[in-house]
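Read the structure below first, then the notes.
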Protein chains: 4
Amino acid sequence: MRPVPTPRKAPRQARSQHMVEQILQATARILEERGYAGMNTNAVAARAGVSVGSVYQYFPNKDSLIAALHERHGAQMYAAVDAVLADPRPRSLREQLAAMVHAWLVAHQVEPELHKVLEKEFPFFDAPSQDSPAGDNSFRRILSMLEAHRDEIGQSDLDLATWVLLRMMESLVHAAVMDAPARFAAADIERCIVDALDGYLRAGAA
Amino acid sequence: MRPVPTPRKAPRQARSQHMVEQILQATARILEERGYAGMNTNAVAARAGVSVGSVYQYFPNKDSLIAALHERHGAQMYAAVDAVLADPRPRSLREQLAAMVHAWLVAHQVEPELHKVLEKEFPFFDAPSQDSPAGDNSFRRILSMLEAHRDEIGQSDLDLATWVLLRMMESLVHAAVMDAPARFAAADIERCIVDALDGYLRAGAA
Amino acid sequence: MRPVPTPRKAPRQARSQHMVEQILQATARILEERGYAGMNTNAVAARAGVSVGSVYQYFPNKDSLIAALHERHGAQMYAAVDAVLADPRPRSLREQLAAMVHAWLVAHQVEPELHKVLEKEFPFFDAPSQDSPAGDNSFRRILSMLEAHRDEIGQSDLDLATWVLLRMMESLVHAAVMDAPARFAAADIERCIVDALDGYLRAGAA
Amino acid sequence: MRPVPTPRKAPRQARSQHMVEQILQATARILEERGYAGMNTNAVAARAGVSVGSVYQYFPNKDSLIAALHERHGAQMYAAVDAVLADPRPRSLREQLAAMVHAWLVAHQVEPELHKVLEKEFPFFDAPSQDSPAGDNSFRRILSMLEAHRDEIGQSDLDLATWVLLRMMESLVHAAVMDAPARFAAADIERCIVDALDGYLRAGAA
DNA sequence: GATGAATGAGGGTTCATTCAT
DNA sequence: TATGAATGAACCCTCATTCAT
């Protein structure tokens, strides 16, 4: 058991996508209800209405279940970013940032409990990381976007700026979702996140 | 086993501070070497040169060991912030922020491996949280500092701004320590963090 | 799992002798490489390039695979003995014994690894046992041979003598193949085995 | 699971010899009743009136239980041989051999069922092997004995002769105990074994 | 017949925790 | 208080076997 599972093996591609889906759903539900500590492969199988053996047919071990959920979550985040950046309508830097933040926050509304557990117990897994192909793709899209707004940006190293930007988005959205004190309005927090991103990028500019 | 242990009970205060120290050191070393998955109370006891029974004399359960380490780490962070803010010399807002970030990064140099494990496997534990007395203290100190620089700050809600600021510091320092790509110089990252904090606070200002 | 499988059912006779052959070969190879503990029906099927279902088409259960291999091995031993005894050329008692021992040792040269595993993990299976038809046949042939040399033999009960003789051959050849210390030359060991058989039979003679 | 367990770790020496004894007894009884396949650590623990944890306190794994039983059996065999050879009364070669064989057969009367299982499922484990200190000791004692009777022995290489002798004793006693057909009287078989040993040694003599 | 996905009982092992000494 | 032997619930994973296609 390791709290930070590396995706060992992807579920073998099977046309039994349905079974894989069942299993992941069961994993997600159990994770939401009982946390990592309360999750075990037999329970997942039972919940999925499947035998343990079948779980191991598609997932090499317990942690790969979590890893798969993470990958899926990560993919949703990539998709959210990509969807925003793919939009051809001209937008100001701040609008772009706001759209990205908004998309990300919205993406976290689906299965918020699951995301909470995933992020709380296995952080640093849902961020578009440059290590994964999809993550790298997001990285490059954002970099392009920054280049397109070069003149509004104070940071000289856009590569570094992209990395910092992603880290900020990820962790601030994370914080907003995870443990924002009730006394702060969601909209205010959202605006603050955009302020932070925007402020960071412009900082250093003459 | 729960990846995110709540500090159930603080170690009973005993003259045997020495034993408590031994136990925590052992826990830290094992955590560094083997991660949470490889840690168990028997191993901790053996490494500390005491009996399991003694571990349970001072710590109610396994997780409280981790919690204690977290608290200690958190305390170091509080102390770092407090030390900076307690400094009476007049400083600009940016200087204050830079000093805080620097102090925090420096604080992470001690037992970096331990911090990595703690933050990787049990995030959101080292931040001065408003929930703890010490954390609340830090929170208030920062809030005061912001108030002292009210005119340089664009954010209208300083309470919210303080919370965002702490979240940013925490997660950006975290990211810097944990997984900064080798191609980015530490000094550049540090400056970026200050830019981000500074940029955020100023944003929204007319 | 039972270390000493009784051949429950012989492979149903099928035209697909080829498939049976593939399966047994796969079993043998896996046994050689990984021992009984590392053998499982799925692996056998995979190695044989057939489906598990097919394995069960021809073999009622896992152990019957081992049993079949044993039978085959036993048959080779029977054949070796029979071939020697069928030889019409007149030979002295010692020559007959020497020929049998030699034939048996030679028979163990084929697939020595497999034989080692079979004999190490499932002993008492390769001997021409009186319980099997073929074994009984060998038993009777040897008995006849002894009767033909009645005058050179000290043992009064030739039935018993045959049994002892077979046990000796089997176990000494076994020992020679399995764990003869390197310091003993194969030829010397072989001669010793013949000495033992010969010495035994003559013992008790006036 | 491996049918031929190497004694991994000896039970830690503990004054809880009693518990170790209970556990081994339980293992033996279960082995007798259900064979290796029917033995499992939980059953052993239950039968021993002990918790599984305790079994693992003294034995590193399942197989070490079997290994311990084997060692014990082997030790009994060593002891039997040693007792005979330590006897100072002058005896002829044949008498010595007969005494050894007898001692060994007698030693197999204790817990015959257990011995059957041990030898059937894990052969080559009860023989005084030169690899173990005790085995080497037996080996040397027998060698000395043969040297003392040098003039009666036809074999020129007494080292080799000792090895063959041990192999013969071991396997013939084994066969006698394991699967002697009912039609042969025990006394006759015993005499045959002595004949075989005696005959072998004298063979080759002028 | 052939296939191989699905089954699920079963078992070895770990380790947090207790408690008699 | 300190000890550490003892406990036993819990869990991951394997693999012989089945059966619908």
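We name chains A, B, ... by the order of the sequence lines, and we start the count at 1 in each one.
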- [ ] Would you mind reading off the distance between A:Phe59 atom CZ and F:dT14 atom C1', rounded to a whole angstrom?
- [x] 18 Å

Task: Length of the CD-P vector between B:Gln57 and E:dA20, whole Å - done: 15 Å

- [ ] Just jot down the salt bridge (Lys or Arg N to Asp or Glu O under 4.0 Å) partners of A:Glu113, sequence neighbours excluded, or say none.
- [x] none

Open item on the list: Among residues at least two apart in sequence or on other chains, which ones pass side-chain hydrogen bond (donor to acceptor under 3.5 Å, both in side chains) with D:Ser54?
Closed with: D:Ser51

Task: For atom NE2 of D:His18 and atom C1' of F:dA5, their distance in whole Å - done: 15 Å

Open item on the list: Taking Watson-Crick (N1-N3 plus N6-O4 or O6-N4) and G-U wobble (N1-O2, O6-N3), each under 3.5 Å, can you produce the dot-bracket string of DNA chain F? Use [ ] for crossing pairs and | for inter-strand ones.
Closed with: .||||||||||||||||||||

TODO: Rounded to the nearest 0.5 Å, what's the gap from OG on B:Ser64 to CD on B:Glu71? Could you check?
DONE: 9.5 Å

Task: Lys/Arg cation over aromatic A:Tyr36: A:Lys62, 6.0 Å, 45° cone - done: yes

Task: Counterpart residues, side-chain hydrogen bond (donor to acceptor under 3.5 Å, both in side chains), relative to D:Arg34 (two or more places apart) - done: none

Task: Rounded interatomic separation in angstrom, taking OH from D:Tyr36 and C1' from E:dG11 - done: 11 Å

TODO: Using whole Å, report how far CE of A:Met19 lies from C1' of E:dG4.
DONE: 13 Å

Task: Closest non-hydrogen atom pair, C:Ile23 against C:Ala48 - done: CA-CB, 3.9 Å

- [ ] Can you tell me the distance, in whole Å, between the CD atom of A:Gln22 and the P atom of E:dA5?
- [x] 18 Å

TODO: Name all residues meeting the side-chain hydrogen bond (donor to acceptor under 3.5 Å, both in side chains) criterion together with A:Arg29; count only those two or more places apart in sequence or in a different chain, and write none if there are none.
DONE: A:Gln25, A:Glu32, A:Glu111

Open item on the list: Taking C:Val110's backbone N and O only, do any of them form a donor-acceptor pair with C:His115's side chain (distance below 3.5 Å, no angle check)?
Closed with: yes

Open item on the list: Strictly under 4.0 angstrom, non-hydrogen atoms only: write out the protein contact profile of nucleotides 8-13 of chain F, one letter per nucleotide from the 5' end, B, S or -.
Closed with: BB-SBB

Task: Length of the CD1-P vector between A:Ile23 and E:dA5, whole Å - done: 13 Å

